[in-house]
There are 2 protein chains.
Amino acid sequence: MEIEKIREEIANKGLKVTPQRVAILEAIYSLNNHPTAENIADHIKESQPNIAIGTIYKVLDALVEHNIIKKVTTEAGKMRYDGFTEHHHHLYCIECDLIEDYIDEELNELLKNHFNKKRIKGFHIKNFAVQVNGTFDKC
Amino acid sequence: MEIEKIREEIANKGLKVTPQRVAILEAIYSLNNHPTAENIADHIKESQPNIAIGTIYKVLDALVEHNIIKKVTTEAGKMRYDGFTEHHHHLYCIECDLIEDYIDEELNELLKNHFNKKRIKGFHIKNFAVQVNGTFDKC
DNA sequence: TTGTAAAGGAGAATCATTCTTATTTAATAA
DNA sequence: TTATTAAATAAGAATGATTCTCCTTTACAA
């Protein structure tokens with residue numbers, strides 16, 4: 001995605017467009033691999049050599065807050081960030097730390113129908129996601 | 001579950017049966033609410049007043065390693081532990097920190113069928129779980 | 001009963017993340 | 001264009017969960 005689109009995306013949510021925010025969001029899009037805060041710091045260190053790690057966390061929080069990115073939790077204990085915000089699922093590699101987005105409209109429908117039929121007593125569903133664990137051939 | 005069953009469960013996996021391990025596993029079963037390490041520490045502090053917090057983490061790791069309990073990740077950044085190890089899903093409350101086990105054999109079948117039909121190129125599925133987010137009536 | 005590998009206790013260390021405070025800056029209005 | 005100001009950043013201390021180290025204790029096999 002071009003820088004101008006990124007600037008617009010940030011501005012459209014009512015956030016100030018700062019070089020740090022642009023660099024971080026660009027990093028998430030171009031890394032495209034559910035990076036950690038540290039991965040992002042590494043990726044932007046040429047363009048933002050003086051950025052504070054605390055700033056990266058604060059920017060990430062703001063982007064999550066405004067639904068520009070999403071948080072992805074893992075068992076490794078580090079938070080990871082996903083630039084794709086549409087309803088989707090994740091493939092988790094149990095051998096390496098790879099996470100891939102898994103988009104499956106048919107699966108969404110299947111689950112939506114299932115949960116419409118089968119209400120859960122005492123619980124009101126807002127959304128759902130499937131965590132698919134396994135191995136990538138490349139691993 | 002009775003203490004003797006717990007001792008057997010630990011012994012059957014080839015682990016030494018220690019009072020700390022028994023107390024921790026008993027805490028997980030009786031709390032029955034996906035406790036954190038700290039929750040467990042609180043629960044066992046009468047019977048194990050001198051247990052080190054590091055020991056709790058080490059015991060939990062051993063129990064997970066031997067498939068007696070499971071780790072549950074959350075966005076709150078604390079690891080939680082689940083004494084139910086059969087294939088199941090989780091209901092996450094987005095208002096409080098409640099997590100409930102969600103057992104739905106029909107859903108398991110639905111997903112198994114779906115993934116049998118729809119192979120994911122380059123990825124070999126080992127297992128899957130649905131994370132259902134919403135609110136409990138009681139919250 | 002003893003020997004020994006495994007487990008536990010104490011507390012320091014680590015690591016991701018958050019907080020505090022002073023400084024800087026983006027965006028708005030004059 | 002410049003001045004104003006609320007919001008954002010830098011720096012680094014603080015926090016909090018978890019891990020590690022090292023020494024002591026214990027479960028259990030022989």
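To find a chain, count down the sequence lines: A is the first, B the second, and so on, and within it residues start at 1. In this text the structure is predicted, and so the values were computed from the model without any measurement.
Look at B:Glu38 and B:Lys78 and you find a salt bridge, because one of the NZ, NE, NH1 or NH2 atoms lies within 4.0 Å of a carboxylate O, short of that distance.
Taking for each of A:Leu15 and A:Met79 the nucleotide of DNA chain C with the nearest heavy atom, the 5'-most of the two is the partner of A:Met79. Mapping B:Val17 and A:Ala52 onto DNA chain D via the closest heavy atom, the residue that lands nearer the 5' end is A:Ala52.
For the pair B:Thr18 and C:dG8, the criterion of a side-chain N or O lying under 4.0 Å from OP1 or OP2 is met. Of the side-chain N and O atoms in A:Tyr57, one or more sit less than 4.0 angstrom from OP1 or OP2 of C:dT17.
Between A:Phe128 and A:His87, the two ring planes are perpendicular [angle over 60°; tilted spans 30° to 60°]. By the 30° and 60° cut-offs, the orientation of the rings of A:His90 relative to A:His34 is perpendicular.
Atom P of nucleotide D:dT18 and atom CD of A:Glu75 are separated by 12 Å, given to the nearest angstrom. Between A:Asp61 atom CG and D:dA8 atom C1' the separation is 14 Å, expressed in whole Å. Rounded to whole angstrom, the span from the CD1 atom of A:Ile56 across to the P atom of D:dA10 amounts to 9 Å. The separation between B:Ile24 atom CD1 and C:dG8 atom C1' is 10 Å, rounded to whole Å. Distance CD1 (A:Ile53) to C1' (D:dA11): 13 Å, rounded to an integer number of Å. Nucleotide D:dA17 holds its P atom 11 Å from the CG atom of B:Asp42, rounded to whole Å. Distance, B:Leu63 CG to C:dA6 P: 17 Å, rounded to whole Å. Atom P of nucleotide D:dT9 and atom CD of A:Gln48 are separated by 9 Å, given to the nearest angstrom.
Nucleic acid contact for A:Pro49: none, since no nucleic acid atom lies under 4.0 Å from a heavy atom of the residue. Nucleic acid contact for B:Thr55: base, since at least one base atom lies under 4.0 Å from a heavy atom of the residue. Residue A:Lys78 is classed as a sugar-phosphate contact, given heavy-atom separations below 4.0 Å to backbone atoms only.
Closest to the B:Gln20 side chain, of the nucleotides C:dA7, C:dT17, C:dG9, is C:dG9. Relative to the side chain of A:Lys16, the nucleotides C:dT17, D:dT9, D:dA7 differ in distance, and D:dA7 lies closest. The side chain of B:Pro19 sits closest to D:dA27 out of D:dA27, C:dG8, C:dA16.
Of the possible polar contacts, none joining the B:Asp61 side chain to the B:Lys58 backbone as a donor-acceptor pair under 3.5 Å is found.
One can find a donor-acceptor pair under 3.5 Å joining the base of C:dG8 and the side-chain atoms of B:Lys58.
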Apply salt bridge (charged side-chain N to carboxylate O under 4.0 Å, His left out) to residues B:Lys5 and B:Glu8 and explain how you reach the verdict.
CA-CA 5 Å; B:Lys5 278 273 164 57; B:Glu8 273 173 35; over 6 Å; no
